[in-house]
J.: 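Have a look at this one before I ask anything.
Hydrogens, waters and symmetry mates play no part in the numbers below; they use all other heavy atoms, side chains included.
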Amino acid sequence: MKKLIVFTEPDGEVARYAEDVLKDSYEILVESDAEKVIQRLIDQTDEIDAVLIDRPSTRETASAILEHMKYNNSVIFAIPALALTDEEHVQADLAFLADPIVDVILMGAPTDVVKNRVKRASQMVNSVSFAEFADMLRVLPSLIYLKDARGKYVFCTQYWHHLEHYDDPDWTIRGKTDMEIRKDVENARKAYESDMRILKTGVGTSYIIEENEDGRQEFLQLIKEPLKYEDGRIRGIIALINDVTEQENLKRKLEKMSFTDELTGLYNRAYMDVYTKTLNQSSYPVSVISADCDHLKMINDKYGHMMGDEYIRMSVTLMKSILPENSIICRMGGDEFLAFLPKTDEERAAEYLIMLEEMEDIFQIHGQKLSVSFGAATMEEKGESFDRVIDQSDAEMYRNKQRRKNNRWK
């Protein structure tokens, strides 16, 4: 039960009146010492609902309490003060109507009237307090919002440019769902569906979305948690949106660096291990093409390693010019490559090998034509062994290398 401080003489008429009309709603704390009232306000801020001051015009020490409440009331747990007076002093006490005294109650007023006026005073101060707190939140770079049990907005600290009418001063987010206000329909749908899951399960969530509005790419982190009544029923959602564009771009850059071969710009062996695990059934059949540069040692010995690096890059250019755009080409080390071709059957893979061998003649270095050996194998459905298919494509590539051994670079 909330506490109510009554600043008056113990066992006096005012103390008995306050006890009679408010004891069912509050724990009544009668204090005649202003310093003790102030100390209670300091120590029990979140427990006290209001302060009733007996005829403040007749009590000099009341000014100390009012001064403290005016300048030290917590923005979050603001406490209203009310004057309790009689006919003789009502005019003088009305002069005290200002922060923090928000109402003057006449002794003898019916119980329901007194209860309602104390309750309204608390609600009014809390409303002002929340508005002040919301203004403080608006200076933060993060966006904070509340939604009700239907997924509709109740409050939002700021409007970002991802909303349809964010720059309209007469527009409000209140009472609307993401589906009604977001420019990005897919992100709006994702937000609404995650809200519905939280409201159904009572379990919060966190995820990152990509927004591309006004020519800007942004990444936003959403952290959502359910708000519950004391009995466990869900009353709404509180959420935080952080702009994590800088962090996400750095993360992606580091991921790209960890998965990218520095010399060729291709994916590396580490990425191949990740990629093969992410392929789903719709990607099959998947064909694998193995490639190995011919005579690289000879080029390194004759022209130097810089020219050898250029020979490797020419091989990559050849593969990129022939293989389909959805191919994933990985440099496995040295002059060895693997290309993964989703939705490519064995017949089509064989056609790519023919095109690769036919086109390599257009690439030359110091008058010598490029020579690369290729092999292919196909995985028909998910569940087969990639190692087995790669072994098959490697075996064919080495057979072709043997066949071509003395045909180039004599």
J.: Under a 3.5 Å distance rule, please check whether Asp148 uses its side chain to pair with a backbone N or O of Gly151 as donor and acceptor.
T.: yes

J.: More than 12 non-hydrogen atoms from neighbouring residues, nucleotides or ligands closer than 6.0 Å to NZ on Lys382, yes or no?
T.: yes

J.: Please report the C-alpha distance between Glu164 and Trp171 in whole Å, then the side-chain angles of each, then the deciding distance to 0.1 Å, and finally whether the side chain to side chain contact (heavy atoms under 4.5 Å, CB included) criterion is met.
T.: CA-CA 10 Å; Glu164 288 286 0; Trp171 181 81; 5.9 Å; no

J.: Find out whether Ser315 and Leu370 are in side-chain contact, i.e. whether some heavy atom of one side chain is under 4.5 Å from a heavy atom of the other.
T.: yes

J.: Look at the side chain of Ser283 and the backbone N and O of Pro342, then say whether any donor-acceptor pair between them is shorter than 3.5 Å.
T.: no

J.: Going by atom types alone, do Ser373 and Asp292 pair a side-chain donor with an acceptor below 3.5 Å?
T.: no

J.: Using 0.5 Å steps for rounding, measure from the CG atom of Leu338 to the CG atom of Leu266.
T.: 11.0 Å

J.: With a 3.5 Å cut-off and no angle check, do the side chains of Tyr153 and Asp178 form a donor-acceptor pair?
T.: yes

J.: For Asn268 and Phe259, what are the C-alpha separation, side-chain angles and deciding distance, and is it a side chain to side chain contact (heavy atoms under 4.5 Å, CB included)?
T.: CA-CA 5 Å; Asn268 57 22; Phe259 289 139; 4.2 Å; yes

J.: Counting only N and O atoms by type, is there a donor-acceptor contact under 3.5 Å from the side chain of Lys224 to the main-chain atoms of Ala191?
T.: yes

J.: Is the shortest side-chain heavy-atom distance between Leu227 and Leu146 below 4.5 Å?
T.: yes

J.: Do any N or O atoms from the side chain of Gln158 and from the backbone of Ser142 form a donor-acceptor pair under 3.5 angstrom?
T.: yes

J.: Do Asp335 and Tyr311 have side chains that get closer than 4.5 Å, going by heavy atoms?
T.: no

J.: Measuring from Ser194:OG to Ile209:CD1, what's the distance to the nearest 0.5 Å?
T.: 9.5 Å

J.: Backbone N or O of Val104 within a donor-acceptor pair of the Arg117 side chain at under 3.5 Å?
T.: yes

J.: Go through it in stages, so that I can follow the logic: the residues are Val51 and Leu41, the test is side chain to side chain contact (heavy atoms under 4.5 Å, CB included), and I'd like the CA-CA distance, side-chain angles, deciding distance and then a yes or no.
T.: CA-CA 9 Å; Val51 176; Leu41 290 171; 3.9 Å; yes

J.: Charged N to carboxylate O under 4.0 angstrom, Glu27 versus Arg40?
T.: no

J.: Please determine whether salt bridge (Lys or Arg N to Asp or Glu O under 4.0 Å) holds for the pair Glu336 and Arg269, giving the CA-CA distance in whole Å, both sets of side-chain angles, and the decisive distance to 0.1 Å.
T.: CA-CA 11 Å; Glu336 298 176 1; Arg269 181 187 292 271; 5.5 Å; no

J.: Closest approach of Ser57 and Asp93, non-hydrogen atoms and distance?
T.: OG-OD1, 2.6 Å

J.: Has Glu360 got a side-chain atom pairing as donor or acceptor with Val372's backbone, closer than 3.5 angstrom?
T.: yes

J.: For atom OH of Tyr267, decide whether the heavy atoms of other residues, nucleotides or ligands shown that lie under 6.0 angstrom number more than 12.
T.: no

J.: Count the heavy atoms belonging to other residues, nucleotides or ligands that lie under 6.0 Å from CD of Gln247, then report whether that count exceeds 12.
T.: yes

J.: Testing Val30, Ile65, Val14 one by one against Phe7 for a side chain to side chain contact (heavy atoms under 4.5 Å, CB included), which residue passes?
T.: Ile65

J.: Decide side chain to side chain contact (heavy atoms under 4.5 Å, CB included) for Tyr26 and Val21; before the verdict, give the C-alpha distance in whole Å, the side-chain angles of both, and the deciding distance to 0.1 Å.
T.: CA-CA 10 Å; Tyr26 299 95; Val21 298; over 6 Å; no

J.: Do the non-hydrogen side-chain atoms of His161 and Glu218 ever get within less than 4.5 Å of each other?
T.: yes

J.: On a heavy-atom basis, which atom in Leu66 and which in Ala81 lie closest, and how many Å separate them?
T.: CD2-CB, 4.4 Å

J.: I'd like to know whether OH of Tyr192 has more than 12 heavy-atom contacts from other residues, nucleotides or ligands below 6.0 angstrom.
T.: no

J.: With distance as the sole test, does Ser122 use its side chain to make a donor-acceptor pair with the main-chain N or O of Lys119 at under 3.5 Å?
T.: no

J.: Around Gln281, counting heavy atoms of other residues, nucleotides and ligands shown, do more than 12 lie under 6.0 Å from its CD?
T.: yes

J.: Any chance you could lay out the salt bridge (Lys or Arg N to Asp or Glu O under 4.0 Å) test for Lys190 and Glu193, step after step, and finish with the verdict?
T.: CA-CA 5 Å; Lys190 184 175 183 179; Glu193 289 179 353; over 6 Å; no

J.: Taking the basic N atoms (NZ, or NE/NH1/NH2) and the acidic carboxylate oxygens, is any pair closer than 4.0 Å for Asp294 and Lys401?
T.: yes

J.: Which heavy atom of Ile173 sits nearest to which heavy atom of Cys156, and what is that distance?
T.: CG2-CB, 4.0 Å

J.: Which pair of heavy atoms, one from Tyr352 and one from Ile322, lies closest together, and at what distance?
T.: CE2-O, 3.7 Å

J.: So do Phe337 and Cys293 actually touch side chain to side chain, heavy atoms under 4.5 Å?
T.: yes

J.: Salt bridge or not for Glu310 and Arg313, using N-O below 4.0 Å?
T.: yes

J.: Are Gln217 and Thr245 packed together at the side-chain level, in the sense that at least one heavy-atom pair is separated by less than 4.5 angstrom?
T.: no

J.: Checking side chain to side chain contact (heavy atoms under 4.5 Å, CB included) between Lys147 and each of Ile198, Asp195, Thr177, Val154, which is the one that passes?
T.: Asp195

J.: Taking the side chain as every heavy atom from C-beta outward, state whether Thr378 and Thr344 have any pair of such atoms under 4.5 Å apart.
T.: no

J.: Roughly how far, to the nearest 0.5 Å, is the CD1 atom of Ile329 from the CZ atom of Phe340?
T.: 11.0 Å

J.: Measure from the side-chain N and O atoms of Asn242 to the backbone N and O of Val244, and report whether any donor-acceptor pair falls under 3.5 Å.
T.: no

J.: Does Ser290 reach the side chain of Glu396, with side-chain heavy atoms less than 4.5 Å apart?
T.: no

J.: Roughly how far, to the nearest 0.5 Å, is CG of Leu199 from CD1 of Ile237?
T.: 4.0 Å

J.: Which atoms form the tightest heavy-atom contact between Tyr17 and Leu106, and what is the distance?
T.: OH-O, 4.1 Å

J.: Heavy atoms only: give me the nearest Val389-Ala377 pair and the separation to one decimal.
T.: O-CB, 3.4 Å

J.: Mind checking the CD1-CD1 spacing from Ile289 to Ile390? Nearest 0.5 Å is all I need.
T.: 13.0 Å

J.: Out of Ile328, Leu323, Val286, Asn326, which one pairs with Leu341 under the side chain to side chain contact (heavy atoms under 4.5 Å, CB included) rule?
T.: Leu323

J.: Would you say Ser385 and Asp387 are linked by a side-chain donor-acceptor pair, where the criterion is simply a distance under 3.5 Å?
T.: no

J.: If you measure from CZ on Arg182 to NE2 on His162, what distance do you get to the nearest 0.5 Å?
T.: 8.0 Å

J.: Would you indicate whether Met306, at its atom CE, is surrounded by more than 12 heavy atoms from other residues, nucleotides or ligands within a distance under 6.0 Å?
T.: no

